[in-house]
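Chain naming here is simple, since letters A, B, ... match the order of the sequence lines and numbering starts at 1 in each.
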Protein chains: 2
Amino acid sequence: MTVTAIQELFRAKRLKVTPQRCAIYNMMIHTKSHPTAEEIISQVKKTLPMISLNTIYYTLNVFETAGLIIPINNTHTRYDTNLEPHHHLICVSCRKIEDVFDDALNQLHLSQKPDFNIRSYRVEFYGHCRNCQKRSTSIPEKKRLVTTQL
Amino acid sequence: MTVTAIQELFRAKRLKVTPQRCAIYNMMIHTKSHPTAEEIISQVKKTLPMISLNTIYYTLNVFETAGLIIPINNTHTRYDTNLEPHHHLICVSCRKIEDVFDDALNQLHLSQKPDFNIRSYRVEFYGHCRNCQKRSTSIPEKKRLVTTQL
DNA sequence: CAGTAAATAGTAACTATTACTAAATTGAGA
DNA sequence: TCTCAATTTAGTAATAGTTACTATTTACTG
C-alpha cells in the first residue's frame, strides 16, 4: 500500500490526513507482528522524533473507531474457566463479551504448524451488539469520544 | 462442580488446597460472564472479606499456569491492520503471537445470533510454541515464576 | 506432629492508558 | 490563495490494572 493510497483511505473515512497518522498506519501495515503502542512509537520515532505516546493512543482510537484496525487485547484481563472450545461475540463498541456455543465451530483443526502444541482454541467474532447498533456511534465504556462514523 | 471435586482437581494438578483458591475457582466456574480480577474479588470478599487483590492475581497466575483458566485479554493491547479473517497461534507461556493463514478457517459462519452485526472474526489457538515446549515450565515475559508443571 | 516450602495479604512501585490543555495544523469555504 | 473554525498534536499530570517485595501464616510430606 502506497502513501497516496493511505491518504485516499483516510479521506474516504473522513479522517484528516496528518504526517503522524500516515506514519503510524504505514508502520502498522508493514509489520508482520501485532504491535503494541510502545512498539509503534519506537518505530515511528525514527521518522517523527517528536511524536508523543499520547498521539499514538489517540490515533489508534481513531483508527479503531473508523474500522481500520482491531485491538487484539484489552485493558481488563478477563478469565475463563471453560477450556472446551467455545466462542465469543465481542462488541467493539461497548466491549461486552457474549458466549457462543456452535457445534461446527467446535471441530476446527489446524494441519499446519505441527510444532505448536495446541491446548485449546477459540473463535472471536467482532461486531456491534443489538444495543450499540441503535446508538450507532457511541462508545459507552471508553470516555474519549471520537466523532468518526463507522 | 462440587467443592470436593475442586479439591481433587487441585490435588491432581499438584496445587495446594487453600480456602482462597477454592473460593476463587468456585466463583469463576459459577459465573457465566468472563470475570475480571475486580469482579472476582468483589464476589469472593463476601465469604473471605480479608482476601487481597494480590492473592487474586497470584492465584489467577497459578490457575493459568496449571491450565485451569485462559485469560481472554492481556495487558499490552496489540493492534492489527489486517481485517481479513486470519488467525493467531498464541503461546500461553511466552505470549508470542503468530499469524496463521488457513483457507478452511476463513469460511466460518455463525447462523445463530442474527442480531449481532459481525464485522470480522478470528480464531485463536492457545498452546506452547516450539521454544517453550523445550523449556517446559519457564515463563519468560512474566517475571513472577510459578513452579507448577503444566 | 515437625519441618519446609509455598501461599497470603499488606504496602509500595510500576506501567499502560487516559485526562486535560495550549499550541499547531488541517480542510473547507470565501 | 487566504482565512477561520475545528480537529489534532504533544506536553504534563493523573488514573488504574498489575506486579514487586516481604513478613507472617498455612498446607503438605514424612
> Where the side chain of B:Asn54 is concerned, which of D:dA10, D:dT18, C:dG10 is the nearest nucleotide?
Replying inline: C:dG10
> side-chain hydrogen bond (donor to acceptor under 3.5 Å, both in side chains): which pairs involve residues 16-28 of chain A, sequence neighbours left out?
Replying inline: A:Asn26-A:His30
What protein N or O atoms touch nucleotides 24-27 of chain C N or O atoms at under 3.5 angstrom, if any, and at what distances?
unit_1	atom_1	unit_2	atom_2	d
C:dT26	O2	A:Lys16	NZ	3.1
C:dG27	OP1	A:Val17	N	2.7

> Which pairs, with at least one residue in residues 99-111 of chain A and sequence neighbours excluded, count as a salt bridge (Lys or Arg N to Asp or Glu O under 4.0 Å)?
Replying inline: none
>> Can you identify which nucleotide, out of D:dG17, C:dT17, C:dT8, has its nearest atom closest to the B:Thr59 side chain?
In response: C:dT8
>> Just to be sure I understand the geometry, which residues of residues 42-50 of chain B put a non-hydrogen atom under 4.0 Å away from DNA chain C?
In response: B:Met50
>> Do B:Met1 and B:Leu68 sit in one hydrophobic cluster, given that two such residues count as connected whenever their side-chain heavy atoms are within less than 4.5 Å of each other, even indirectly?
In response: yes
>> I need the CD1-P distance between B:Ile56 and C:dA7, as an integer number of Å.
In response: 15 Å
> Any idea which heavy atoms bring A:Pro35 and A:Ile40 closest together, and the distance?
Replying inline: CB-CG1, 3.7 Å
> From C:dT18, D:dA10, D:dT9, pick the nucleotide closest to the side chain of A:Tyr57?
Replying inline: C:dT18
>> Five pairs per end, C1' atoms only: what is the angle between the end axes of the helix from C:dC1-D:dG30 to C:dA30-D:dT1, to 10 degrees?
In response: 50°
>> Could you report the tightest heavy-atom contact between A:Thr47 and A:Ala23, atom names first, then the distance?
In response: OG1-CB, 4.5 Å
>> Can you tell me which nucleotide in C:dT17, D:dT18, C:dA7 comes closest to the side chain of B:Arg21?
In response: C:dA7
> Hey, is the side chain of B:Thr55 poking within less than 4.0 Å of OP1 or OP2 on C:dA7, counting only N and O atoms?
Replying inline: no
> Taking the six-membered ring for Trp, are B:Phe63 and B:Phe10 ring centroids under 6.0 Å apart?
Replying inline: yes
N/O to N/O distances under 3.5 Å, protein versus nucleotides 28-30 of chain C:
none

> Nearest-Å distance, CZ (B:Phe10) to C1' (C:dA7)?
Replying inline: 13 Å
